[in-house]
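Side-chain atoms are counted along with the backbone in the values below, which use heavy atoms only and exclude waters and symmetry mates. Since we're looking at a predicted model, the values are computed, not measured. Order of the sequence lines sets the chain letters (A, B, ...), proteins ahead of strands, with each chain counted from 1.
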Amino acid sequence: MIAARALFLLLFGAPIFVGVGLTLGAALGWQPGIGRFDLGWRGFAQAFALPGFSSSLRLTLVTGLGATLGSLLVSVPLGMWLVSKAGAVRFLTPLLAVPHAALAIGLAFLLAPSGWAARLISPWATGWDLPPAFVTVGDPWGVTLILGLMLKEVPFLVLATLVAAGPRDIGGQMAAGRALGYPRGQVWRLMIWPQLYPALRLPVLIVLGFSLSVVDMALVLGPSNPPVMAVQILRLFGAPDPAMAQPASAMAVILLGVMAASLLAWLAGERLVAALGRVWLRRGRRGHSGAQVMGPLVAIIVAGLGIGALGALLLWSVATFWRFPNALPSGFSMRLWDAADWVGPALLTLGLAVAGTTIALCLALFWLEIEDRTQRRLHLGWMIALPLLLPQIGFLQGLTTGFLWLGLPPGTPAVIWAELLFVFPYVMIALAGPWRALDPALMASAASLGAGPLRRLLAVKLPMLAAPIAMAAAIGVAVSVAQYLAVLLPGAGRVQVLATEAVALASGADRRLAAIMALMQAALPLIGYLLALALPLWLYRNRRGLRGGTL
Amino acid sequence: MSLELSNVSLIAPGAEAALFAPLSLSVAPGETVCVMGPSGVGKSSLIAHIGGHLPRGFRTTGTITLNGGDLGALPAEKRGVGVLFQDAQLFPHLSVGDNLAFGLRAEVRGRAARREAVANALEQAGLAGFETRDPATLSGGQRMRVALMRALLAQPYAILIDEAFARLDTGLREDIRAFVLSHIAASAIPALMVSHDEQDALAADRVLHLAR
């Protein structure tokens with residue numbers, strides 16, 4: 001037990017502490033890598049004095065908090081609508097699977113002034129023969145970035161809502177509330193959803209942490225001058241003058257502080273909203289149930305934007321020539337697919353995903369099996385949440401320095417370890433629930449038939465959990481494929497995967513190349529999810545007891 | 001080949017007092033003893049204790065011996081104690097035949113011998129030809145018969161029955177109970193059954209009431 005705990009702390013806890021510690025050290029002027037030991041607050045002073053610092057800070061707060069609040073508000077009616085729909089999770093899967101960068105590029109191709117949306121309504125509805133002169137993508141208020149983040153985070157929060165609602169008698173509670181004269185929407189908002197919120201808190205805080213520190217989406221959809229803080233930090237780290245690492249690290253520490261303050265503000269906001277909700281409840285007012293229309297409406301908008309974004313990628317990837325304002329390209333060809341260098345990055349992306357997911361799965365199974373055998377919890381849940389709550393830019397640069405100290409130069413092994421910090425938590429979260437829900441009497445039964453711990457694991461647990469294991473693997477692949485900073489920084493630009501290539505090409509002149517990379521980045525996790533759904537169904541096609549019950 | 005309990009008592013996690021008064025009992029080969037008692041008195045915990053699957057945190061007193069050997073230090077899989085649970089606990093990913101084969105001891109070597117042992121067990125259970133069937137398609141009574149045959153194929157030295165008939169229909173319950181108890185008697189192994197049902201008690205050789 002002690003050895004297992006030490007192993008997990010070494011693999012996952014230590015890199016985060018080392019990463020944050022070295023970032024903090026660099027911010028305070030301790031940079032042994034370049035021989036600088038100029039301890040003091042100069043880095044912070046330099047960061048605050050950077051042009052556009054306050055705009056970056058405001059933009060970070062507006063986009064981070066706006067996207068989180070918007071996603072949560074939109075997920076409420078959508079959750080209500082989907083909670084009673086069989087197979088709702090499968091409806092969400094495609095959007096959950098598409099990586100942030102790919103979705104951002106697709107959304108940019110859809111919503112840009114010269115994007116597909118403008119082409120579809122021009123010139124017949126708008127009169128535009130040329131792309132309009134206003135800014136959509138990269139707008140200085142961060143509206144498109146908020147929209148992009150919401151498009152990714154709404155399905156995540158709805159999924160968390162459905163999981164939280166699963167064990168509850170939602171139908172019964174809805175009937176009880178309506179019998180008291182409340183419309184459906186009000187029963188959901190005032191009586192059911194508040195019960196689910198404690199289970200949603202961690203996903204919401206993860207969304208908040210991610211939205212405040214997102215880099216790949218912000219590079220594609222966010223304003224560039226000034227950008228959000230995370231992008232500004234990345235630019236400073238990449239500056240030719242190594243001395244800029246000090247203000248960059250200081251800004252990363254400030255972002256950590258911004259995130260901590262935002263988390264605390266969110267938690268305080270929760271209390272305020274709960275108090276207001278109680279006042280509302282006591283008044284007993286019965287309102288109108290607008291949410292009945294809201295659910296399907298939100299679903300149509302979310303699905304429409306998602307399909308539109310992926311459609312734009314698909315069209316651009318096979319377009320020969322596409323003049324504005326034509327709704328479709330003049331011609332289609334697969335020529336660019338042959339010419340573009342996407343196979344190498346795709347194979348490397350897949351290789352990293354398979355390696356990271358395999359290691360994560362083995363570690364998760366080891367963790368859960370150790371807990372079973374010792375009948376004790378490892379109590380390392382915080383270690384799973386930490387990489388998801390902290391800003392990646394706040395510790396990945398420090399971690400890259402830490403890897404160098406360990407003799408791990410920038411390259412594939414360093415990237416695998418860095419990706420594992422994000423893949424493992426999701427794999428563990430996906431697997432722990434079904435694993436712990438397995439009826440212990442089945443294991444007792446197997447033991448009473450003479451099966452030892454290893455046979456129980458191999459012959460009973462693992463086959464019975466084939467569906468959740470396959471789904472956890474698909475999630476692991478999706479998380480790995482979506483990683484941008486975890487490849488860029490520990491790989492020092494030498495590891496070229498689909499995410500880094502797609503983001504780099506997104507700002508270039510040729511939309512077709514960026515579309516191919518983004519489309520491939522979206523395809524890998526989708527294939528993973530399809531396999532995860534299909535394989536257990538095929539494997540247990542003759543086993544009614546395992547169909548649908550274990551996932 | 002008898003099952004002996006001497007001053008056995010259990011204290012639940014966080015509790016001060018024992019669940020039931022110290023229990024001493026001897027179950028002879030082929031004999032079935034029914035243990036009854038109010039809800040929460042620890043009947044299922046007693047079965048779990050004897051079987052070796054008592055959750056962590058319980059404190060125990062007394063000794064349990066089977067064929068003179070102390071079970072206390074042995075893991076569940078080494079005790080040679082079969083258990084029949086309320087839901088039969090057939091493995092849903094295995095066919096009926098594979099469920100039975102899971103219980104077969106390693107000494108039964110060779111594919112043909114193992115297949116024959118499974119076929120014989122199914123025939124005894126009145127389920128000949130069910131080898132490839134999905135356990136989820138069996139009725140409650142059929143599942144219980146398969147569970148018993150699976151337990152007996154493991155050649156246990158004792159068998160424990162944990163409210164195994166409680167969820168069966170009243171008419172079916174009597175038939176399955178008779179089937180199970182007759183096979184246990186024929187195997188000449190001691191059996192300990194916990195139950196709420198007076199009819200189970202009547203079918204047993206002896207009845208014991210657990211008291212707090």
Side-chain angles (χ1 to χ4, degrees), chain A residues 1 4 365 368-379 434-471 535-551, chain B residues 13 44 47-48 50-58 74-96 98-107 132-138 143 147 149-160 162-164:
Chain A
M1 195 73 178
L365 292 171
L368 293 164
E369 181 64 9
I370 283 283
E371 285 191 343
D372 268 9
R373 288 194 191 185
T374 57
Q375 293 193 29
R376 277 184 181 169
R377 291 285 178 95
L378 279 175
H379 295 298
W435 181 285
R436 288 174 183 148
L438 209 58
D439 188 350
L442 275 166
M443 294 313 124
S445 183
S448 75
L449 294 166
L454 187 63
R455 190 171 172 217
R456 293 202 292 271
L457 172 70
L458 298 178
V460 184
K461 280 185 206 170
L462 295 186
M464 281 192 66
L465 290 167
I469 289 171
M471 188 47 74
L535 273 179
L537 279 179
W538 176 78
L539 205 59
Y540 293 122
R541 59 196 177 281
N542 298 322
R543 296 285 172 267
R544 211 167 65 186
L546 284 177
R547 260 182 262 149
T550 52
L551 194 60
Chain B
S44 289
I47 292 284
I50 301 169
H53 348 97
L54 198 62
R56 191 183 178 85
F58 270 90
L74 292 177
E77 66 271 15
K78 303 260 189 224
R79 293 190 175 200
V81 176
V83 187
L84 275 186
F85 293 95
Q86 199 171 59
D87 292 319
Q89 299 299 347
L90 298 184
F91 304 124
H93 61 294
L94 300 178
S95 66
V96 168
D98 287 342
N99 260 283
L100 288 167
F102 193 97
L104 269 176
R105 299 183 73 89
E107 289 81 54
T132 57
R133 283 280 290 270
D134 177 1
T137 63
L138 302 184
R143 273 204 292 272
M149 298 320 295
R150 183 178 69 171
L152 293 178
L153 281 175
Q155 298 173 13
Y157 303 121
I159 200 151
L160 308 170
D162 187 2
E163 307 262 14

For this session: Side chain from CB out, backbone as N, CA, C, O: work out which of these in B/L54 comes under 4.5 Å of a heavy atom of chain A, or both, or neither.
Result: backbone
For this session: Select, from A/D439, A/L442, A/T374, A/L539, the one with the greatest count of heavy-atom pairs under 4.5 Å involving chain B.
Result: A/L442
Problem set entry | OH (B/Y157) with more than 12 external heavy atoms under 6.0 Å | no
Seminar exercise, completed: If you tally heavy-atom pairs under 4.5 Å between each of A/P463, A/G452, A/A441 and chain B, the highest tally belongs to A/A441
Problem set entry | Pick from B/P92, B/A76, B/G57, B/G52 with the largest number of heavy-atom pairs that fall under 4.5 Å of chain A | B/P92
Exercise. Quick one: does B/R79's side chain get under 4.5 Å of A/S448's, heavy atoms only?
Worked result: no
Seminar exercise, completed: Bottom line for B/V81: the part with an atom under 4.5 Å from chain A's heavy atoms is backbone
Problem set entry | Backbone of A/A459 reached by a side-chain donor or acceptor of B/H93 within 3.5 Å | yes
Exercise. What part of B/L90 gets closer than 4.5 Å to chain A, counting heavy atoms only: side chain, backbone, both or neither?
Worked result: backbone
Exercise. For B/A154, is it the side chain, the backbone, both, or neither that has a heavy atom closer than 4.5 Å to a heavy atom of chain A?
Worked result: side chain
Problem set entry | A/Q375 side chain vs B/R56 backbone, donor-acceptor pair below 3.5 Å | yes
Exercise. Does any heavy atom of chain A fall under 4.5 Å from the side chain of B/R105, the backbone, both, or neither of them?
Worked result: neither
Seminar exercise, completed: So, the part of A/P453 with a heavy atom under 4.5 Å from chain B: the answer is both
For this session: Would you mind checking which part of B/P55 comes under 4.5 Å of any heavy atom in chain A, side chain (CB onward), backbone (N, CA, C, O), both or neither?
Result: both
Problem set entry | Interface moiety of B/F85 toward chain A, non-hydrogen atoms closer than 4.5 Å | side chain
Problem set entry | Side-chain ion pair, A/R456 and B/E77, N-O less than 4.0 Å | yes
Seminar exercise, completed: So OG of A/S445 and CG of B/D162: to nearest 0.5 Å the spacing works out to 11.5 Å
